[in-house]
Asker: 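Right, I'll just put the structure down here and ask away after.
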Amino acid sequence: MTLTALVSPKITVDLPTAAEDVSQWTHLEQVELADPTFHVPNKIDILISAEYSLDIMLDGKIQGPKGTPSLHNSIFGWIVYGKLSKPHNELSMFKSVTCCTTTVESLVNRFWELEEIPRLTFMSKEDQQCEKHFVETLTRDSSSRYTVRLSFVKEPPLVNNSYQLAVQRLKKVERRLQTKPALHQLYKDFMSDYKTANHMTMVDSTSPRPIIFIPHHQVLNPPSTTTKLRVVFDRALWTQETH
């Protein structure tokens with residue numbers, strides 16, 4: 001039997017509300033009770049819905065003497081159930097209401113607290129350098145496109161091996177796609193769209209600044225109805241040196 005539980009600090013008041021003398025209930029002898037101390041006020045450990053009663057109950061019933069509860073066998077042991085024949089004024093009457101005190105307002109407040117950007121009280125030297133780099137290199141062109149330079153721990157050398165690595169990766173990708181014309185066309189279309197959107201431009205070999213060639217490869221997602229193939233740029237492989 002599988003149950004879905006709702007955890008609560010307290011289900012109800014201690015039950016029974018008063019201790020009961022069961023010394024004369026001889027039908028409780030020689031059976032293994034699900035709760036041997038049922039007659040002593042104590043906390044309720046679990047409240048199970050009536051929909052599981054058929055899964056819990058087993059064959060077996062013991063009728064108690066007049067004025068005492070009966071017993072029914074269950075997967076937990078013998079359960080005591082029924083009512084007591086006591087004068088009405090000796091019975092403790094009570095009502096129990098369990099409610100959730102979490103309001104919608106508190107849930108909404110908690111949501112915004114989780115979504116709020118954490119405030120840094122201390123920034124490391126590296127964090128300060130990253131923020132400075134972002135502020136100094138961020139630009140916005142006439143088409144409202146924002147651009148920021150790639151960041152490096154230290155400036156890359158003017159002469160580097162990123163071109164050779166990029167060419168090697170490109171040849172490897174080309175060989176892999178030669179046997180898959182449809183994927184090859186998707187790859188070319190992606191790169192063409194990338195260039196049309198001005199996400200990449202032709203390299204000016206006369207630039208005085210270091211030129212970095214970033215290798216790329218395909219990632220397939222056949223179940224997708226919009227983008228079955230996308231190209232991922234592997235910046236970490238641009239050089240054999242550590243930056």
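Keep in mind that this is a model prediction, so the values were computed, not measured.
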Asker: Less than 4.5 Å apart, side chain to side chain, heavy atoms only: is that true for V232 and H217?
Answerer: yes

Asker: Test of understanding: with side-chain hydrogen bond (donor to acceptor under 3.5 Å, both in side chains), list the residues that count as partners of D189, not counting sequence neighbours.
Answerer: Q185

Asker: Are side-chain heavy atoms of L28 and I62 found at a separation under 4.5 Å?
Answerer: no

Asker: Can you tell me how far NZ of K172 sits from CZ of R175, rounded to the nearest 0.5 angstrom?
Answerer: 8.0 Å

Asker: Closest heavy-atom contact between P65 and T68?
Answerer: O-OG1, 2.6 Å

Asker: Answer whether the closest heavy-atom distance between the side chains of Y187 and R176 falls below 4.5 Å.
Answerer: no

Asker: Quick check: is Y81 connected to L71 through a chain of hydrophobic side chains (ILVMFWY, heavy atoms under 4.5 Å apart)?
Answerer: no

Asker: If Ile, Leu, Val, Met, Phe, Trp and Tyr residues are connected whenever their side-chain heavy atoms lie under 4.5 Å apart, and connections chain through other members, are L170 and M191 in the same group?
Answerer: no

Asker: Please determine whether the number of non-hydrogen atoms from other residues, nucleotides or ligands lying under 6.0 Å from atom CD of Q129 exceeds 12.
Answerer: yes

Asker: How long is the straight-line distance from CG of N73 back to CH2 of W78, given to the nearest 0.5 Å?
Answerer: 4.5 Å

Asker: CZ of R169 to CG of D234: how many Å apart, nearest 0.5 Å?
Answerer: 5.0 Å

Asker: Which value, rounded to the nearest 0.5 Å, describes the distance between L138 atom CG and R149 atom CZ?
Answerer: 13.0 Å

Asker: Yes or no on side chain to side chain contact (heavy atoms under 4.5 Å, CB included) for L15 and T17, after CA distance, side-chain angles and deciding distance?
Answerer: CA-CA 5 Å; L15 294 177; T17 55; 4.1 Å; yes

Asker: If I compare all heavy atoms of S70 with all of Q63, which pair ends up nearest, and what's the gap?
Answerer: OG-NE2, 3.1 Å

Asker: Just to verify, what does H133 make a ring-ring contact (aromatic ring centres under 6.0 Å, His included) with, not counting sequence neighbours?
Answerer: none

Asker: Any sub-3.5 Å donor-acceptor pair from H27's side-chain atoms to P69's backbone N or O?
Answerer: yes

Asker: Going by the angle between their ring planes, with limits at 30° and 60°, are Y194 and F190 parallel, tilted or perpendicular?
Answerer: parallel

Asker: May I ask you to decide if D127's main-chain N or O and S124's side chain share a donor-acceptor pair within less than 3.5 Å?
Answerer: yes

Asker: Can you check whether H184 reaches Q218 side chain to side chain, under 4.5 Å on heavy atoms?
Answerer: no

Asker: Kindly indicate whether the side chain of T37, heavy atoms from C-beta on, has any atom under 4.5 Å from the side chain of D35.
Answerer: yes

Asker: Just wondering, are more than 12 heavy atoms of other shown residues or ligands nearer than 6.0 Å to CD in Q128?
Answerer: yes

Asker: Should L220 and V231 be counted in the same cluster of Ile, Leu, Val, Met, Phe, Trp and Tyr side chains packed under 4.5 Å apart?
Answerer: yes

Asker: I need the R230 CZ to L186 CG distance, nearest 0.5 Å.
Answerer: 14.0 Å

Asker: Which distance, rounded to the nearest 0.5 Å, do you find between the CE of M200 and the CZ of F233?
Answerer: 6.0 Å

Asker: In residues 38-57, what donor-acceptor pairs under 3.5 Å come from side-chain atoms, sequence neighbours left out?
Answerer:
from: S49; atom 1: OG; to: E51; atom 2: N; distance (Å): 3.4
from: S49; atom 1: OG; to: E51; atom 2: OE2; distance (Å): 3.4
from: S53; atom 1: OG; to: A50; atom 2: O; distance (Å): 2.9

Asker: Within a reach of under 6.0 Å around CZ of F134, are more than 12 heavy atoms found that belong to other residues, nucleotides or ligands?
Answerer: no

Asker: Where do F213 and A166 come nearest, in terms of heavy atoms and distance?
Answerer: CB-CB, 3.8 Å

Asker: Would you say K180 has more than 12 foreign heavy atoms packed within less than 6.0 Å of its NZ?
Answerer: no

Asker: Which heavy atom of R140 sits nearest to which heavy atom of S144, and what is that distance?
Answerer: NH2-OG, 3.1 Å

